[in-house]
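Single-structure report; data block below.
Here is the naming used below: chain letters follow the sequence lines, and residue numbers restart at 1 for every chain. Computed from heavy atoms alone, side chains included, the values below leave out hydrogens, waters and symmetry copies. Since we're looking at a predicted model, the values are computed, not measured.
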Amino acid sequence: MSIIRASRLGFDYIKYNDESEDAEKVKAISDISFEIEKGDFIAVLGHNGSGKSTLAKHINALLVPTSGTMWIDGVNTAEEDELWKVRQKAGMVFQNPDNQIIGTVVDEDVAFGPENLGISTEDIWSRVDEALGKVGMLGFRDRSPNRLSGGQKQRVAIAGVVAMRPECIVLDEPTAMLDPNGRREVLEVIRELNKKEGVTVILITHYMEEVIFADRVFVMDSGEIALEGTPREIFSKVDELKKLRLTVPQVTELAHELRKAGVEIPEGILTIDELVDALCG
Amino acid sequence: MGEITLGQYYPTNSILHRLDPRVKFLGTLVYVVSLFLVRGPFGYAFCGAVLLVLIFLSKVPFLYVLRSLKPILFIMIITMAFNVFLTPGTILWRWGFLKITEEGIRMAVKMGIRLVFLVTGSSIMTLTTTPNSLTDGMESLFGFLRIFHVPVHEIAMMMSIALRFIPILTEETDKIRKAQIARGADFETGGFIKRMRAMIPLLVPLFVSAFRRANDLAMAMEARCYHGGSGRTRMKPLRYERRDVVAYAAMAAFLAICIVFSVTGL
């Protein structure tokens, strides 16, 4: 059974103008259907305002669809009785690390989720140790989060979600506020969680480089899924991506231009090594 | 414990630091009550001796403890002056409507000693307890107020979140301040009114950002299944150790001795 299933999902919100009392109905996402299998690594791409964050909040039941249905592990997110079950199954990591850390000490913050689930003290300790170990922050457990780097804070935030033992983790632009080092740290942790622990990952981003590792990529535009496929399939559509105001990685673009100029190389080159092989092989 | 720059907390490792925050809170309460029970010189001497022992046990430098008296110096002088000049009784000295009485001097000295002991005594608590564990202790001690529908857990949660965000917002204030100075804002010159006005371009962005952060944090808390205090367990629950029991016994003995001093008037 698929872990996440969306059927004709739609979300409208009402926007009020400052001066007049006109209420305007805005479609943030409309008529989205998809299925995600357990253990998948899904990347969602899109420029600002494409509806990707709205979609993310539906997976965690922070938003409930105005039309259509969303199921997480067979549970309908619109059912209020199941709300906490859904949020435990689908953890969420946000963009700003400062605004999602609640504890004044690292291990107390990681414990926040398990504490809310009402788990016994001994279990909380073992889960916190385990979660901090998985993100490589065990040595920082007694520190104040304010003294950590951006990448470290974001790893603590991920540990806070991992400690709740979710089936899937939704990350809403987790690297947008980080420097290149922090970004690499966080992405490594996410990939390890997906590969070693088999956690389903939904990574929302606008960095093209980050989607190369995904099993499948959704490209969103004006509230709809405009393109869907493996990273290779997506990146072979350079012109379409440009129309959606997304830039492809430099190597892919170079390969694309070379192909257009008549060099015989395959479409959808993702890494420098691949391009070297294609040109010299 | 984490590094917390806020408040008076003096990080070292003493027996008082390790005590349960509830013990320290109740102990402070008992001490304050006792200060108002004792009347005679021996009683005050006893309270003073206990205070010295506590300062010694806390391993906090003596002068550091005394620093906590600074902010109340002004209040203390005023209180003592009122007592000296306005207490009726045997007149020692008179000038116009001002008069100094024997009872007045006695009262002023008493008040001064009480205030000094009271502030020093309660600052021993804040010096040896992190704001966070103090919050935890209060949540547990005032838990009974839930019967009267006081949102005890929520208040404690608000306090600990405030503690977490104070350094972040301080940093942000500094950033906004520099940004506004770069655009020609002047925070340093002019009179009181002008300076207060200059704060507006600082406070408006700060408030906007604080609200945005609050919104984000609320969402992050909900995403992590936060639904209030009911059904919540703790990673570090407060548990009484043997030393806490001993401290309670010492507290009871202290209170009993103070009552004896109070009754005999020594």
So which of A:Val161, A:Ile102, A:Asp123 has the biggest tally of heavy-atom pairs under 4.5 Å with chain B? A:Ile102
Within 6.0 Å of CZ in B:Phe207, more than 12 heavy atoms from elsewhere: no
Go through B:Met157, B:Arg234, B:Glu171 and name the one with the most non-hydrogen pairs under 4.5 angstrom from chain A. B:Arg234
Does any heavy atom of chain B fall under 4.5 Å from the side chain of A:Pro166, the backbone, both, or neither of them? neither
Contacting region of A:Asp98 [heavy-atom separation from chain B under 4.5 Å]: both
Of the non-hydrogen atoms in A:Asn146 and B:Pro167, which two are nearest, and what is the gap between them? ND2-CG, 3.1 Å
Can you tell me which portion of A:Phe94 sits under 4.5 Å from chain B's heavy atoms? Options are side chain, backbone, both or neither. side chain
Run B:Arg232 and A:Phe112 through side chain to side chain contact (heavy atoms under 4.5 Å, CB included) and show every step you take. CA-CA 10 Å; B:Arg232 205 161 180 271; A:Phe112 182 76; 3.1 Å; yes
Can you name the nearest heavy-atom pair linking A:Asn116 to B:Cys225, along with the distance? CB-O, 3.3 Å
Answer whether the closest heavy-atom distance between the side chains of B:Phe165 and A:Thr104 falls below 4.5 Å. no
Among A:Gly160, A:Pro145, A:Gly91, which has the most heavy-atom pairs under 4.5 Å with chain B? A:Gly160
Side chains of B:Lys236 and A:Asp107: closer than 4.5 Å at any heavy-atom pair? yes
Just by modelled atom types, is the A:Gln88 backbone N or O under 3.5 Å from a matching donor or acceptor in the B:Arg224 side chain? no
Could you go through the side chain to side chain contact (heavy atoms under 4.5 Å, CB included) check for A:Glu108 and B:Asn132 one step at a time? CA-CA 11 Å; A:Glu108 282 175 18; B:Asn132 233 22; 3.6 Å; yes
For the pair B:Arg164 and A:Asp109, find out whether any cationic side-chain nitrogen is under 4.0 Å from an anionic carboxylate oxygen. no
Give, as side chain, backbone, both or neither, the part of A:Leu62 having an atom under 4.5 angstrom from any heavy atom of chain B. side chain
Under 4.5 Å from a heavy atom of chain B, the part of A:Arg141 involved: side chain
Specify which of A:Val106, A:Val93, A:Ile101 makes the most heavy-atom pairs with chain B at under 4.5 Å. A:Ile101
A:Thr121 side chain vs B:Met235 backbone, donor-acceptor pair below 3.5 Å: no
Is it true that, when you exclude B:Arg212 itself, more than 12 heavy atoms of the residues, nucleotides or ligands shown sit nearer than 6.0 Å to its CZ? no
Name the option with the most non-hydrogen atom pairs under 4.5 Å to chain B; the candidates are A:Glu115, A:Gln95, A:Lys57. A:Glu115
Honestly, the part of B:Ile168 sitting under 4.5 Å from a heavy atom of chain A is side chain
If you count heavy atoms of other groups shown closer than 6.0 angstrom to CZ of B:Phe187, is the number above 12? yes
Side-chain contact, heavy-atom cut-off 4.5 Å: B:Met219 with A:Met92? no
Between CD1 on residue A:Ile124 and OG1 on residue B:Thr233, distance to nearest 0.5 Å: 3.5 Å
Quick check for you: to the nearest 0.5 Å, what is the distance between A:Leu83 atom CG and B:His227 atom NE2? 9.5 Å
